[in-house]
Number of protein chains: 2
Amino acid sequence: MKKVPEPTIRRLFCYYRCLKNDKSDIIPDYVCSDTLGEKIGIKPTLLRRDLSFFGHMGRKGKGYNKNKLKIRLEEIIGLNKEWEIALIGAGNLGKAILSYNQFREMGLYITEIFDNDLDKIGRKVNGYLVKNVKFIKQVLQEKGIKIVIIATSEDDVEGIVHQLKKTNIEAIWNFTTAHIDLGDDVIVVKEDLCCSLGSIICNINK
Amino acid sequence: MKKVPEPTIRRLFCYYRCLKNDKSDIIPDYVCSDTLGEKIGIKPTLLRRDLSFFGHMGRKGKGYNKNKLKIRLEEIIGLNKEWEIALIGAGNLGKAILSYNQFREMGLYITEIFDNDLDKIGRKVNGYLVKNVKFIKQVLQEKGIKIVIIATSEDDVEGIVHQLKKTNIEAIWNFTTAHIDLGDDVIVVKEDLCCSLGSIICNINK
DNA sequence: TAGATTGTTAATCGATTAACAATC
DNA sequence: TAGATTGTTAATCGATTAACAATC
């Protein structure tokens, strides 16, 4: 199969969510690329191209069967499985991520929480015990967790990455300002909030 | 001037932050594109191209004067000014955004908070009074606020956008799942957390 | 059949990279 | 001067869009 571009992968999720939240439910059972695209601000032709990476999913003259498409997207993304995720950093941002309901709704569960603050360690946040960062390696191995969210301060990242290198994790969602590189085998997605806000300012500043 | 690509604008901010956080301070006063690029995981040639949109900023054979470059970037981005921002939605995510220190460090101040929850309205969060969403239009006009962060649930967005259309805002930072379009005059940056996590899952799921 | 809409190819647009002359 | 590094041009790569044949 041809390599699927990263922007396409992100949009797959948008299509999926749109179908999942669709209140009109089964009727009409078909939706065309025009309608679905418009809902998320995407040209119909781009939507069709995105979907075509995964084979014929629509019906010419009719559109896409909503339910079938939803199930197919669920499989493609991997949301038909349950995923366990570890969170490192139980500060304000970490807590907000924890209490972000939408993740759970999709079968994404944050089941391990770590921090280096002795005041937090041993307490519960959202029902889960905050563990000492020291045990990251050990716990991740034990539980076979593949995905880690880092929401600490930049200064703590180096030590954390050092630990993570010894694990089998496959992806990091990085909310810190640090640049993280664990080689080609570990996906790193950076969520740079300052950068987003900064780019907004820059665009207005003209 | 040639149009500056959006990815370039985002990176400008990274360069700026890197210089700002540079503890080695003044000495050495020059940094070359190789060194600076490596710190943020960007090829030196891309860094040079990015900067070249704004004229000659470096010295051949030497590199970039750190302090001069920092000041110049500050001007370009607009961080030499102070910016007032309104936050709509004082839930978990909203509160995390509020307490995210890094914004303040850059002269970005969230000075108005709105919510539609009567339990929250009238209380203070981070020292600022939570106001009723009803008054968005009025308050934004009065204070001349140009930037709005929306961190509500998707369902509340329609009403908010309806209000915002009657104001002079220039940019929206959208943390909800809703698709927002206020025409070409209003920049909308979407921070789609589910989509990011979803794309991570999809990449791992292969 | 006529109308609607997909799926795909080729064209276009935009961003990154490689190469290198200019020059400090 | 020799070495280092910028700034810029052309080449490449990648993603989006337009066009349209296929077909339900």
Side-chain angles (χ1 to χ4, degrees), chain A residues 1-15 18-19 28-70 72-73 76 179 181 184 190 195 199 202-203, chain B residues 1-15 18-19 28-70 72-73 76 179 190 195 199 202-203:
Chain A
M1 184 162 52
K2 238 184 296 176
K3 198 204 157 289
V4 182
E6 206 48 42
T8 294
I9 290 179
R10 289 187 69 95
R11 283 190 298 265
L12 289 182
F13 187 87
C14 293
Y15 306 144
C18 197
L19 291 166
D29 357 354
Y30 282 80
V31 65
C32 67
S33 56
D34 247 320
T35 313
L36 186 53
E38 198 176 11
K39 279 191 193 167
I40 26 184
I42 278 163
K43 294 230 169 81
T45 183
L46 183 54
L47 187 150
R48 294 203 298 276
R49 174 139 245 261
D50 283 344
L51 295 181
S52 76
F53 280 101
F54 306 94
H56 300 203
M57 302 177 97
R59 261 196 169 206
K60 297 185 180 186
K62 271 198 113 178
Y64 300 87
N65 179 299
K66 292 203 281 188
N67 201 43
K68 272 192 190 161
L69 180 58
K70 196 184 85 184
R72 187 75 185 89
L73 285 172
I76 293 169
H179 168 60
D181 187 353
D184 289 344
K190 190 167 180 184
C195 220
S199 77
C202 186
N203 275 302
Chain B
M1 185 160 56
K2 239 184 294 176
K3 198 202 157 292
V4 182
E6 207 47 41
T8 294
I9 291 179
R10 288 187 70 95
R11 284 190 299 265
L12 289 182
F13 187 86
C14 294
Y15 306 145
C18 197
L19 290 167
D29 356 356
Y30 281 81
V31 65
C32 67
S33 57
D34 247 319
T35 312
L36 186 54
E38 198 177 10
K39 279 190 194 167
I40 25 185
I42 278 164
K43 295 229 167 81
T45 182
L46 183 54
L47 186 149
R48 293 203 299 274
R49 173 139 246 261
D50 283 344
L51 295 182
S52 77
F53 280 101
F54 305 95
H56 301 202
M57 302 177 99
R59 260 195 171 209
K60 296 185 181 183
K62 271 199 112 177
Y64 300 88
N65 179 298
K66 292 203 282 188
N67 201 43
K68 273 193 191 161
L69 181 58
K70 197 184 86 184
R72 186 77 185 88
L73 285 172
I76 293 169
H179 168 60
K190 190 167 180 184
C195 221
S199 77
C202 187
N203 275 302

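Reminder, nothing fancy here: chain letters follow the sequence lines and each chain counts from 1.
When all heavy atoms are compared, the tightest approach of A:Leu36 to A:Ile40 is O-CG1, 3.3 Å.
If you take CD of B:Glu6 and C1' of C:dA15, they are 13 Å apart, rounded to a whole angstrom. As a whole-Å value, the separation of B:Lys43 NZ from D:dT12 C1' is 12 Å. Rounded to whole Å, atom P of C:dT17 lies 12 Å from atom CG of B:Leu47. Separating the NZ atom of A:Lys3 from the P atom of D:dG14 is a distance of 8 Å, rounded to the nearest angstrom. The distance between atom CG of B:Asp50 and atom P of C:dT17, rounded to the nearest whole Å, is 10 Å.
Comment: B:Asp50 engages B:Arg11 in a salt bridge, judged by a side-chain N to carboxylate O separation of less than 4.0 angstrom.
Put simply, CG on B:Leu47 and CG on B:Asp34 are 9.5 Å apart, with the number rounded to the nearest 0.5 Å. Here B:Cys195 contributes atom SG and A:Arg10 contributes atom CZ; the two are 4.5 Å apart, rounded to the nearest 0.5 Å.
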B/S/- along nucleotides 3-11 of chain D (protein heavy atoms under 4.0 Å) is -BBBBBB--
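Across all strands shown, C:dG14 is found opposite D:dC13 as a Watson-Crick or G-U wobble partner, with both distances under 3.5 Å. Judged by Watson-Crick or G-U wobble contacts below 3.5 Å, the nucleotide D:dG3 has C:dC24 as its partner.
Atom NZ of B:Lys68 sits in a sparse spot, with 12 or fewer heavy atoms from other residues, nucleotides or ligands closer than 6.0 Å.
Looking only at distances, a side-chain donor or acceptor of B:Lys66 sits under 3.5 Å from a matching main-chain atom of B:Pro28.
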